[in-house]
Amino acid sequence: MSQKFIKSQNKNSSSQAFGKYFAQAVYDNHFVGTDELAEFIQRQASVKKSDIKAVLQELGEALKHFFEMGQKIKLNGIGIFKVGFSSIGVTKLEDCGAQTITTRRILFQPETSRVVVGQEKKPDGSVKQRYVNAISLLKDVTFEETHDNAMNTETESSGSGSSNSGSGGGTTGGGASDPGDGPNGD
């Protein structure tokens with residue numbers, strides 16, 4: 001199987017990317033739920049579906065507990081989860097507090113690994129490697145154009161990857177970093 005996409009034209013006349021075509025993700029109407037996920041894991045491992053479901057249920061509770069403690073959670077092979085939020089700006093320091101927090105969300109940073117994509121030998125004899133950071137969960141995902149009208153297109157909330165964006169690239173975790181976050185939303 002592969003991730004499906006359609007070709008979509010940017011029709012926003014005020015965009016620098018007006019008239020350009022972008023690949024836009026298309027998703028099946030079916031959500032994979034806990035039961036189906038547990039069945040899949042059961043086929044891959046020697047653990048019973050009921051035990052897997054119990055662990056997945058407890059995972060949600062554990063994530064909530066550690067988020068409440070102000071901690072980040074790293075799941076090997078998956079990535080890092082942490083709390084993010086937006087806040088309204090105020091002019092006085094003493095007016096800034098929990099009451100100014102307007103939205104809360106979970107930020108996800110997928111696990112990545114460095115993949116060497118080339119190298120060049122410098123005149124001094126040293127070798128400079130070119131690399132990319134590959135998202136581990138996506139390394140074997142293939143892409144395929146579809147014309148199936150039964151599938152749903154989904155525009156990311158940040159606008160990246162949609163036909164309205166000029167970049168054509170997507171972001172993970174739902175958008176821009178918050179003020180006070182590190183350079184990569186950390």
Side-chain angles (χ1 to χ4, degrees), residues 1-45 47 49-50 52-53 55-57 59-60 63 67 72-84 86 103-118 130-178 181 184-186:
M1 296 298 291
S2 57
Q3 170 63 54
K4 307 290 191 235
F5 70 89
I6 60 170
K7 296 173 184 173
S8 180
Q9 186 177 30
N10 181 328
K11 296 183 180 181
N12 180 353
S13 60
S14 62
S15 169
Q16 287 184 320
F18 177 70
K20 291 186 178 178
Y21 289 89
F22 296 89
Q24 184 176 9
V26 178
Y27 302 95
D28 178 307
N29 287 326
H30 172 74
F31 277 86
V32 175
T34 305
D35 281 339
E36 191 173 346
L37 190 58
E39 277 181 34
F40 179 85
I41 294 170
Q42 177 181 258
R43 287 191 305 269
Q44 307 300 315
V47 182
K49 178 181 171 184
S50 58
I52 296 164
K53 285 177 66 176
V55 168
L56 292 173
Q57 178 67 37
L59 176 61
L63 291 171
F67 289 152
K72 295 187 281 187
I73 298 146
K74 180 179 180 186
L75 298 178
N76 292 337
I78 297 175
I80 299 170
F81 296 85
K82 64 183 177 179
V83 172
S86 297
T103 58
R104 302 168 190 180
R105 60 191 166 278
I106 295 173
L107 302 175
F108 172 62
Q109 178 183 355
E111 183 175 282
T112 60
S113 58
R114 267 187 167 178
V115 177
V116 176
V117 294
R130 290 188 306 274
Y131 66 91
V132 295
N133 285 327
I135 297 172
S136 301
L137 290 171
L138 298 176
K139 95 175 175 181
D140 295 322
V141 173
T142 59
F143 299 90
E144 175 185 343
E145 184 179 1
T146 184
H147 300 285
D148 185 355
N149 291 334
M151 301 183 91
N152 293 331
T153 59
E154 195 169 291
T155 304
E156 295 180 27
S157 61
S158 66
S160 298
S162 73
S163 61
N164 293 331
S165 115
S167 69
T171 59
T172 304
S177 61
D178 294 325
D181 280 349
N184 292 321
D186 290 330

Are [X] and [Y] close enough that some pair of their side-chain heavy atoms sits under 4.5 Å apart?
X      : Y      : result
Ile73  : Leu63  : yes
Phe67  : Ile106 : yes
Lys49  : Asp35  : yes
Arg114 : Asn133 : yes

Minimum-distance pair of heavy atoms, taken over all atoms of [X] and [Y]:
X      : Y      : result
Ile135 : Pro110 : CG2-CB, 3.5 Å
Leu75  : Glu111 : O-OE1, 4.4 Å
Ala17  : Asn10  : O-CB, 3.4 Å
Gly84  : Leu107 : CA-CD1, 3.8 Å
Gln42  : Ile52  : N-CD1, 3.4 Å
Ala23  : Phe5   : CB-CD1, 3.7 Å

Can you tell me how far the [atom1] atom of [X] sits from the [atom2] atom of [Y], to the nearest 0.5 Å?
X      : Y      : atom1 : atom2 : result
Lys82  : Arg105 : NZ    : CZ    : 10.5 Å
Leu137 : Thr112 : CG    : OG1   : 10.5 Å
Lys72  : Phe81  : NZ    : CZ    : 13.5 Å
Asp28  : Gln3   : CG    : CD    : 10.0 Å

- Item | Donor-acceptor contact present, side-chain Gln9 to main-chain Phe22, <3.5 Å |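 Not a single qualifying donor-acceptor pair exists.
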- Test item: Gln109 side-chain N/O and Ile80 main-chain N/O as donor-acceptor pair under 3.5 Å: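 No, the answer is negative, given that no donor and acceptor are paired below the 3.5 Å cut-off.
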- Is atom CZ of Phe18 surrounded by more than 12 heavy atoms (other residues, nucleotides or ligands) closer than 6.0 Å?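 More than 12 heavy atoms, drawn from other residues, nucleotides or ligands, come within 6.0 Å of this atom.
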